[in-house]
Amino acid sequence: MAATNDVPYLVLSTGTRSEEYARNHLDLPDMAYVEAGIFSGPAMKRCVMRNVGRAAHVGMVGKLSKMAMGYFVTHVAGNQVDTGFLAELAAQCGASEDIQEEIRGASSARHFQEIAQANGLLSVFPLMCRMVCDESRKQLGDDADALVVDVLCFDFEGNLLGHASTSEEGVPLVAGAGA
């Protein structure tokens with residue numbers, strides 16, 4: 001419906017809360033917000049099919065970590081959060097071996113987030129967002145240049161942990177709302 005109404009920028013949320021949080025950071029009409037749920041990849045491809053020029057993946061650490069690994073159908077039964085992968089991201093951001101081991105033993109993506117925040121590894125969230133941008137381009141293949149992809153990662157309270165974009169201009173955040 002949004003594409004039919006010529007909405008040029010869609011927000012593909014993984015759930016109701018992430019959609020709500022995105023509304024505080026992006027100035028877009030109601031019709032631009034689409035709950036893609038676990039089908040982020042198919043939703044992104046539909047944007048290309050319908051000539052939507054820009055889309056934002058918005059979600060929390062669990063779903064975005066799966067997308068950063070190239071999984072764009074993110075149902076929990078299909079693939080679990082990979083704490084080994086998250087430990088590798090943390091290592092890239094300067095995490096010690098002890099912290100990496102703690103992350104590998106994390107019980108959930110939220111637990112990983114808490115460990116990262118407690119240890120000052122805040123750069124892991126923009127890194128994850130950048131990886132989602134890169135994997136989105138891979139998913140789109142030959143159509144990668146047809147869609148600008150933005151990514152916003154939120155915590156469970158709606159705070160923006162990180163963001164990235166395939167556009168050199170970055171994510172068009174509402175003034176004063178950025179991370």
Side-chain angles (χ1 to χ4, degrees), residues 1-79 81 108-110 113 124-179:
M1 187 172 3
T4 300
N5 284 283
D6 297 321
V7 177
Y9 185 8
L10 298 184
V11 176
L12 308 175
S13 68
T14 59
T16 304
R17 284 191 298 173
S18 56
E19 177 180 317
E20 178 184 317
Y21 299 155
R23 289 176 184 273
N24 295 324
H25 296 273
L26 298 169
D27 185 22
L28 298 169
D30 285 343
M31 195 174 293
Y33 294 87
V34 177
E35 192 169 325
I38 65 169
F39 301 108
S40 299
M44 181 176 53
K45 289 179 180 181
R46 181 63 57 99
C47 287
V48 171
M49 286 174 39
R50 298 302 306 253
N51 297 313
V52 172
R54 189 173 199 140
H57 293 297
V58 299
M60 296 176 208
V61 173
K63 298 285 191 211
L64 292 180
S65 71
K66 293 174 184 183
M67 293 165 65
M69 294 178 67
Y71 301 117
F72 283 85
V73 176
T74 57
H75 192 276
V76 69
N79 49 60
V81 170
S108 65
R110 185 176 191 164
Q113 174 192 311
V124 75
F125 305 112
L127 173 61
M128 184 184 307
C129 292
R130 165 61 30 217
M131 293 177 78
V132 174
C133 286
D134 294 344
E135 290 297 324
S136 293
R137 290 187 57 80
K138 288 180 190 174
Q139 282 284 316
L140 292 172
D142 291 341
D143 293 325
D145 291 335
L147 185 68
V148 172
V149 176
D150 297 326
V151 180
L152 286 81
C153 180
F154 297 102
D155 68 13
F156 286 82
E157 288 75 44
N159 299 304
L160 185 60
L161 296 173
H163 56 86
S165 179
T166 60
S167 167
E168 290 182 17
E169 291 81 36
V171 181
L173 297 172
V174 173

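This is a predicted model, so every value here is computed, not measured. Counting begins at 1 with the first residue of the sequence.
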About how many Å separate [atom2] of [Y] and [atom1] of [X], when rounded to the nearest 0.5 Å?
X	Y	atom1	atom2	value
M44	D143	CE	CG	10.5 Å
M131	M67	CE	CE	12.5 Å
L173	N24	CG	CG	11.5 Å
M60	S65	CE	OG	13.0 Å

Taking the side chain as C-beta and beyond, is there a heavy-atom pair between [X] and [Y] under 4.5 Å?
X	Y	value
L161	F154	no
V149	H57	yes
D145	R137	yes
V61	C153	yes
K45	Q139	yes
V7	L28	no

Lys/Arg N to Asp/Glu carboxylate O, R17 vs E20, below 4.0 Å: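 Result for this pair is no, no salt bridge flagged.
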
Lys/Arg-Asp/Glu bridge criterion (N-O < 4.0 Å) met for D155, R110: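 R110 and D155: not salt-bridged.
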
Using atom types as modelled and distance alone, determine if a side-chain donor or acceptor of [X] lies under 3.5 Å from a backbone N or O of [Y].
X	Y	value
Y21	G59	no
R130	S165	yes
R54	V148	no

Worked check of side chain to side chain contact (heavy atoms under 4.5 Å, CB included) between F125 and Q113: CA-CA 9 Å; F125 305 112; Q113 174 192 311; 3.9 Å; yes

Kindly give the heavy-atom pair with the smallest separation between [X] and [Y], and that separation in Å.
X	Y	result
L152	A56	CD1-CB, 4.3 Å
Y9	D150	OH-OD2, 2.6 Å
V151	V171	O-CG2, 4.4 Å
A36	L12	CB-CB, 4.1 Å
V34	E19	C-OE1, 4.2 Å
V11	A22	CG1-CB, 4.1 Å

Exceeds 12 heavy-atom contacts within 6.0 angstrom, atom CZ of R23: yes

Greater than 12 external heavy atoms within 6.0 Å of N159's CG: yes

Side chain to side chain contact (heavy atoms under 4.5 Å, CB included) assessment of V52 paired with R46: CA-CA 9 Å; V52 172; R46 181 63 57 99; over 6 Å; no

Reference residue S40; test side-chain contact (heavy atoms from CB on, under 4.5 Å); the match among V58, T14, L64: T14

